[in-house]
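Read through the structure below, which is laid out as structure tokens, and then see the notes.
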Amino acid sequence: MKVETSAALLILLGVASARPGAIKVRKTSAKFRREVPQEHSHEKFLRGVGQALNLNNVDQVQDPVFALLGNAAAAQGAGLVQDLDCLQQRVADQAFTNAKAANDVEGMTNALIYRALERNTAAVGQASVLCTSETAKNPEIAAIQQHQDPASTGAAALNKQITLDLAVQLASIGADPQLALQSGTFEPGQIGDPTGAGNTCDTLDDAEGCIFTQNLLVEDATAAEIDAAVAAASGNAGNGNGNANDNVVNDDECVNEDVDNDNNGGNNNNNNNNGGGNNNNGGNNNATPTTGSNVNTFTGSVGAPPVPIISNAAAAKPFSVNGAEFLNIGAATQRACDVQKNQCANAANSGNAAGVSVADCDQQQQQCIQQ
């Protein structure tokens, strides 16, 4: 995505007639050129997230569209959010929280897809900055990052992985994982194009989203690849899917863990399902780090010791937990906390941790996530 690059640009914000609270960013002078704006290209997800967010808008964000703009424009509607690089995640996280409290799967679906949408940057081929200062409260949101400009370096592979990660999270809440394909973006623009011409659209009064109605969406994966990613993540088919209240935790490495099933005899070693061939049948409990440094600062050891988070800045995915690799520290932290919880629950159920209950493990997991 592109935004106006002049510091002198005045941005007018108006309430659109298409819906209450809809925000349109307009340029005030013909001399300021950019690729056709696209913050409203996935309009149906913006509207859905707005509805969920407004159930309890604790950060007083004016409209979800601000989080898809560059920071200069985003600041005008960011409410109480200080780190504008995290505005999109914060909006998605709060919307997901509100929808989950209302047992609204559609609302949670909108929040997940919105989190994966591309955000504006200053030039064709420029990737947007990731949120690194905070971790989403909901692990489903923490497992996802925004799509990147399709002309940016490595965008095809990265955006495909984001789509597959999103599909896994959608399946975990009982939504159709194929909806992840709708988070995709446009054909790549031409890097260095002085005219700013591009392949985007931004029709505010198109309730569906012009990227869909104008057939401009470029899907990052195939339906078969989506099914394969979800199958690898779910392992024991049917566990938790379809019920947003099940205690299932998913992350961006396609592993599904249901610790509350540990009480069922014989299932204690099967909670870490097949994540692309990594750590099967409880393998997460025993793997040890090999290279890099441990950046896990959590020290709680109820029922099980903290699980190392290995950082290797030279790796394509710089964080790893027991061999599973992650793009961001938030998802890696979530995995480490989940694995420790699973180890703790196994110890509690087997009697190997005297005085420790599964509830203690759950409490420790929350403390770990909030570190």
Side-chain angles (χ1 to χ4, degrees), residues 1-7 9 11 24-25 27 32-43 45-46 49 64-75 78 83-92 112-132 141 143-167 180-203 209-212 214-221 252 316-318 327-328 331:
M1 287 188 186
K2 320 298 165 288
V3 295
E4 292 87 349
T5 58
S6 171
L9 177 66
I11 301 174
K24 178 69 175 177
V25 178
K27 58 180 182 284
F32 298 111
R33 298 292 183 184
R34 64 164 172 160
E35 187 177 41
V36 179
Q38 63 185 63
E39 51 266 14
H40 286 282
S41 59
H42 295 72
E43 182 68 12
F45 299 121
L46 278 176
V49 165
V65 74
F66 281 98
L68 300 183
L69 304 175
N71 284 355
D83 188 344
L84 297 176
D85 293 332
C86 293
L87 180 58
Q88 184 178 3
Q89 176 177 281
R90 188 79 73 86
V91 169
L112 287 169
I113 296 175
Y114 167 86
R115 177 63 187 99
L117 297 181
E118 184 190 349
R119 189 182 178 209
N120 282 347
T121 56
V124 175
Q126 179 177 330
S128 59
V129 178
L130 300 181
C131 173
T132 58
I141 297 295
I144 303 168
Q145 69 175 66
Q146 67 269 26
H147 272 69
Q148 294 295 354
D149 186 306
S152 62
T153 302
L158 176 59
N159 288 343
K160 179 177 182 177
Q161 186 61 54
I162 292 169
T163 295
L164 297 178
D165 293 343
L166 174 59
L181 295 172
Q182 296 188 23
S183 69
T185 185
F186 301 87
E187 290 282 354
Q190 181 180 346
I191 295 178
D193 183 352
T195 69
N199 303 307
T200 64
C201 68
D202 194 47
T203 307
C210 57
I211 195 171
F212 307 115
Q214 296 182 28
N215 197 30
L216 298 174
L217 176 70
V218 176
E219 295 184 346
D220 300 299
D252 68 349
K317 291 186 177 182
L327 288 168
N328 60 76

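- Val49 has its side chain within reach of Val91: a pair of non-hydrogen atoms, C-beta onward, lies under 4.5 Å apart.
- Here the CG-CG distance, from Leu87 to Leu69, works out to 9.0 Å after rounding to the nearest 0.5 Å.
- For the atom pair CG (Asn120) and CG (Asp149), the distance works out to 10.0 Å, reported to the nearest 0.5 Å.
- Two residues are said to be in side-chain contact when any heavy atoms from C-beta on lie closer than 4.5 Å; Val124 and Gln190 fail this criterion.
- Remark: the backbone N or O of Gln148 is paired with a side-chain donor or acceptor of Asn159 at under 3.5 angstrom.
- Interatomic distance, CG of Leu158 versus CG of Asp165, reported as 9.0 Å (0.5 Å rounding).
- With a 4.5 Å cut-off on side-chain heavy atoms, Gln88 and Tyr114 count as touching.
- The two residues Arg119 and Ala67 make their nearest non-hydrogen contact at NE-O, 3.0 Å.
- Contact check for Leu46 versus Leu68: side-chain heavy atoms found under the 4.5 Å cut-off.
- Side chain of Glu43 to backbone of Asp202: no donor-acceptor contact under 3.5 angstrom is found.
- A donor-acceptor contact shorter than 3.5 Å is absent between the side chain of Asp220 and the backbone of Lys160.
- To the nearest 0.5 Å, atoms CD (Gln182) and OG1 (Thr163) are separated by 11.0 Å.
- To the nearest 0.5 Å, atoms CG (Leu84) and CZ (Arg90) are separated by 10.5 Å.
- Inter-residue side-chain proximity for Thr200 and Leu216 is flagged as unmet; no heavy-atom pair is nearer than 4.5 Å.
- Smallest separation of non-hydrogen atoms from Ala151 and Gly189: CB-O, 3.7 Å.
- Ala116 meets the side chain to side chain contact (heavy atoms under 4.5 Å, CB included) test with Ile144, His147, Ile162, Leu166, Ser183; sequence neighbours excluded.
- For the pair Arg115 (side chain) and Gln145 (backbone), a donor-acceptor distance under 3.5 Å is absent.
- Residues Ser41 and Cys201 share a closest heavy-atom pair of CB-O, 3.7 Å.
- Considering all non-hydrogen atoms of both residues, Gln146 and Val129 come closest at NE2-O, 3.1 Å.
- Side-chain contact between Glu118 and Pro150 is present, with at least one heavy-atom pair separated by less than 4.5 Å.
- Here the closest heavy-atom approach between residue Ala74 and residue Phe66 is recorded as CB-O, 3.2 Å.
- His42 is listed as a side-chain neighbour of Ile211, based on a closest heavy-atom distance under 4.5 Å.
- Between Leu217 and Phe212, the shortest heavy-atom contact is CD2-CE2, 3.9 Å.
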